[in-house]
Student: 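Okay, here's the structure, questions in a sec.
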Amino acid sequence: MSIATTSSKLIGRQAPRWLPLLIGLCALILGAALSALIGFSIGLWAVFAGLIFVIAGPIVVGMLEGSRKGKDAFARYLIYGAFLLALIPLVSVIWVVLGRGVPGLSGNLLGTSMNGVSGVTDNEAAQGGPAYGGAYHAIVGTVMITFWATLMSVPIGLLTAVFLTEYSDSNRAFRWMGRVITFLVDVMTGIPSIVAGLFAVALFVQVLGDPSARFGFIASIALSVLMIPTVVRNTEEMLKIVPNELREASYALGVRKWRTITKVVIPTAMSGISSGVTLAIARVIGETAPILVTAGFVASINFNAFSGWMTTLPTFIYYQIMNPTSPTNPQVSEDRAWASALILIILVMILNLAARLIAKIFAPKTGR
């Protein structure tokens, strides 16, 4: 038997490339039929379709290519199903927020605050009148509080990670300090957000001697307590994956350690570091409890983070849902809340794009 004949037999029973798409389409149809028998819902439909896809795919592949390929296909289709299952909550959240939030977007929402808005104005808006009140003050508060928190957290987290990665193994004292810092970072990772808010309030009460001290910068302190562990952990892992050959090549050229870190190690890991910073910001930008404790809630605009109460988008959403401006017509407040949730998602997306742009600018050049 020639090699060409053997090769043709080995590849002759390959499943077509479009088979997963066909199986997925059939799984969607059968899943919809089964869920309709019980009581149709999107979640039940997704569960049935996923099970049919994961079970039927390997069976069909095994019938076409043999049992060995069928077992391999089982793992592959299981990964496909897990990926699609992970997409379900993401797609559903985006779909719901867009559907409920886009109608609430207007010039008033983005350009005005809730100062002077009452139940009378919301009742008029519910009856077809103009809608007053917006989230401009909450957008300003979110940006300012998050800015100060990031300004404090990123340098501290970056320098801590550099110490743990580059210096903690230098001598016995540094190794002991590195173990202590690692333990504290692990503990801080699990701190509840409300505890961080109480810590920030207690700190400023001791510093200022004013039990009623509440303003935006205190909220930034609370958020920085939550951000620092994420920045440290992510930066540490990114610095560890930088090849030691790059460090050794720099040292061989006579470059000092601090310059090697700033010119070789950090730029090489900048892409991952920026992603970690974005992840840390995304974690704290939606916090509500520590903001309520530290910065309070106000209906007017406040541009000074060091004086007066401030409002953020999460607290604004909370109050619009839990305490609508007009209890008889809560739909107007709900529209504001959903539109504010959409603005919050857009802010996180902008931060993500900015982080990718920064990583691209500072990443080491690969061309000649």
Side-chain angles (χ1 to χ4, degrees), residues 86 90 145-171 173-200 203 219-244 246-247 257-258 260-291 294 314 347-364:
L90 175 62
I145 291 175
T146 307
F147 168 76
W148 286 108
T150 305
L151 195 63
M152 291 182 289
S153 303
V154 173
I156 295 175
L158 180 60
L159 293 175
T160 303
V162 168
F163 172 79
L164 293 175
T165 307
E166 306 294 332
Y167 292 97
S168 61
D169 292 333
S170 299
N171 54 57
F174 281 3
R175 284 195 294 270
W176 180 82
M177 290 177 59
R179 288 194 292 267
V180 172
I181 292 174
T182 301
F183 172 75
L184 293 177
V185 169
D186 292 339
V187 172
M188 290 177 63
T189 304
I191 290 179
S193 59
I194 187 65
V195 175
L198 294 174
F199 161 76
L203 175 64
S220 299
I221 295 290
L223 296 186
S224 67
V225 173
L226 301 175
M227 287 181 65
I228 288 174
T230 305
V231 176
V232 171
R233 274 301 181 198
N234 182 84
T235 305
E236 184 183 3
E237 294 302 322
M238 291 301 104
L239 294 179
K240 284 181 178 179
I241 64 175
V242 176
N244 285 328
L246 295 178
R247 298 179 177 89
K257 188 167 187 175
W258 69 268
T260 300
I261 294 171
T262 56
K263 294 297 183 179
V264 177
V265 178
I266 292 179
T268 304
M270 181 56 70
S271 178
I273 293 173
S274 60
S275 299
V277 171
T278 305
L279 180 65
I281 295 174
R283 179 200 171 188
V284 302
I285 200 172
E287 291 289 348
T288 305
I291 305 298
T294 54
L347 285 177
V348 174
M349 291 178 61
I350 293 173
L351 289 171
N352 203 329
L353 293 175
R356 291 179 180 272
L357 180 61
I358 293 172
K360 186 176 181 180
I361 292 174
F362 290 97

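The analysis underlying the following values was restricted to heavy atoms, covering all of them including side chains, and did not include hydrogens, waters or symmetry mates.
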Student: Any chance you could measure Thr235, atom OG1, to Ile266, atom CD1, to the nearest 0.5 Å?
Tutor: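 That separation rounds to 9.0 Å.
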Student: Could you go step by step and tell me if Val265 and Arg247 meet the side-chain contact (heavy atoms from CB on, under 4.5 Å) rule?
Tutor: CA-CA 7 Å; Val265 178; Arg247 298 179 177 89; 3.7 Å; yes
Student: Test of understanding: with ring pair (Phe, Tyr, Trp, His ring centres under 6.0 Å), list the residues that count as partners of Phe199, not counting sequence neighbours.
Tutor: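 Partners of Phe199 under the ring pair (Phe, Tyr, Trp, His ring centres under 6.0 Å) test: none.
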Student: Between the main-chain N or O of Gly272 and the side-chain N or O of Asn234, is there a donor-acceptor pair closer than 3.5 Å?
Tutor: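 Looks like yes, one N/O pair under 3.5 Å.
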Student: Between CG of Leu151 and CH2 of Trp148, what distance do you get to the nearest 0.5 Å?
Tutor: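 Atom-to-atom, Leu151:CG and Trp148:CH2 are 6.0 Å apart.
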Student: Work out which heavy atom in Ala282 is nearest to a heavy atom in Ile285; give both atom names and the distance.
Tutor: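 Residues Ala282 and Ile285, closest heavy atoms: O-CG2, 3.6 Å.
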Student: Give me the atom names and distance for the closest heavy-atom approach of Val231 to Ala280.
Tutor: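 Closest approach of Val231 to Ala280, heavy atoms only: CG2-CB, 3.8 Å.
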Student: Mind listing the closest non-hydrogen atom pair of Arg283 and Leu226 along with its distance?
Tutor: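 Distance-wise, the nearest heavy atoms are NH1-O, 2.9 Å.
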Student: For the backbone of Thr165 and the side chain of Ser168, can you confirm whether one donor and one acceptor N or O come within less than 3.5 Å of each other?
Tutor: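 Looks like no, no N/O pair under 3.5 Å.
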Student: Taking Arg233 for its side chain and Val185 for its backbone only, find out whether a donor-acceptor pair lies under 3.5 Å.
Tutor: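 No, the answer is negative, given that no donor and acceptor are paired below the 3.5 Å cut-off.
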Student: Write down the atom of Thr294, the atom of Gly197, and the distance for their closest heavy-atom approach.
Tutor: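 Smallest heavy-atom distance, with atoms named: CG2-O, 3.4 Å.
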Student: Applying salt bridge (charged side-chain N to carboxylate O under 4.0 Å, His left out), can you list everything that pairs with Glu237, at least two apart in sequence or on another chain?
Tutor: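 Partners of Glu237 under the salt bridge (charged side-chain N to carboxylate O under 4.0 Å, His left out) test: none.
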Student: Taking everything shown except Lys263 itself, do over 12 heavy atoms lie less than 6.0 Å from its NZ?
Tutor: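 It does not: Lys263 NZ has 12 such atoms or fewer within range.
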Student: Do the side chain of Ser224 and the main chain of Ala149 share a donor and acceptor less than 3.5 angstrom apart?
Tutor: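 The answer is no, because no donor-acceptor pair under 3.5 Å joins these two groups.
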Student: Going from CG on Asn352 to CG on Leu279, what distance comes out if it is rounded to the nearest 0.5 angstrom?
Tutor: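 With rounding to 0.5 Å, CG (Asn352) is 9.5 Å from CG (Leu279).
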Student: For residues Met227 and Ser153, report the shortest heavy-atom separation together with the two atoms involved.
Tutor: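 That closest heavy-atom pairing would be CB-OG, 3.5 Å.
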Student: Roughly how far, to the nearest 0.5 Å, is CD1 of Ile228 from CE of Met152?
Tutor: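 Separation between the atoms: 8.0 Å.
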Student: Residues two or more places apart in sequence or in another chain: which of them pass side chain to side chain contact (heavy atoms under 4.5 Å, CB included) with Ser275?
Tutor: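 Residues passing side chain to side chain contact (heavy atoms under 4.5 Å, CB included) with Ser275: none at all.
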Student: So do the side chains of Ile291 and Leu223 get within less than 4.5 Å of each other, counting heavy atoms only?
Tutor: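 Touching, per the 4.5 Å side-chain cut-off.
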Student: Val232 and side chain to side chain contact (heavy atoms under 4.5 Å, CB included): which partner among Thr182, Leu164, Leu159?
Tutor: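 That would be Leu164.
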Student: Side chains of Thr189 and Thr230: does their closest heavy-atom pair fall under 4.5 Å?
Tutor: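 SC-SC contact between Thr189 and Thr230 ruled out.
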Student: To the nearest 0.5 Å, what is the distance between CE on Met188 and CD1 on Ile181?
Tutor: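 Answer for the CE-CD1 pair, Met188 versus Ile181, is 11.5 Å.
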Student: Working to the nearest 0.5 angstrom, can you tell me the gap between Thr278 OG1 and Ile350 CD1?
Tutor: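 It is 12.5 Å, given to the nearest 0.5 Å.
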Student: Are Glu236 and Thr160 packed together at the side-chain level, in the sense that at least one heavy-atom pair is separated by less than 4.5 angstrom?
Tutor: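 Glu236 vs Thr160: side chains apart.
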Student: Does CZ belonging to Arg356 count more than 12 external heavy atoms closer than 6.0 Å?
Tutor: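 Not buried by this count: 12 neighbours or fewer within 6.0 Å.
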Student: Taking all heavy atoms of Ser220 and all of Ile145, pick out the closest pair and write down the distance.
Tutor: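 Closest heavy-atom pair between Ser220 and Ile145: OG-O, 2.9 Å.
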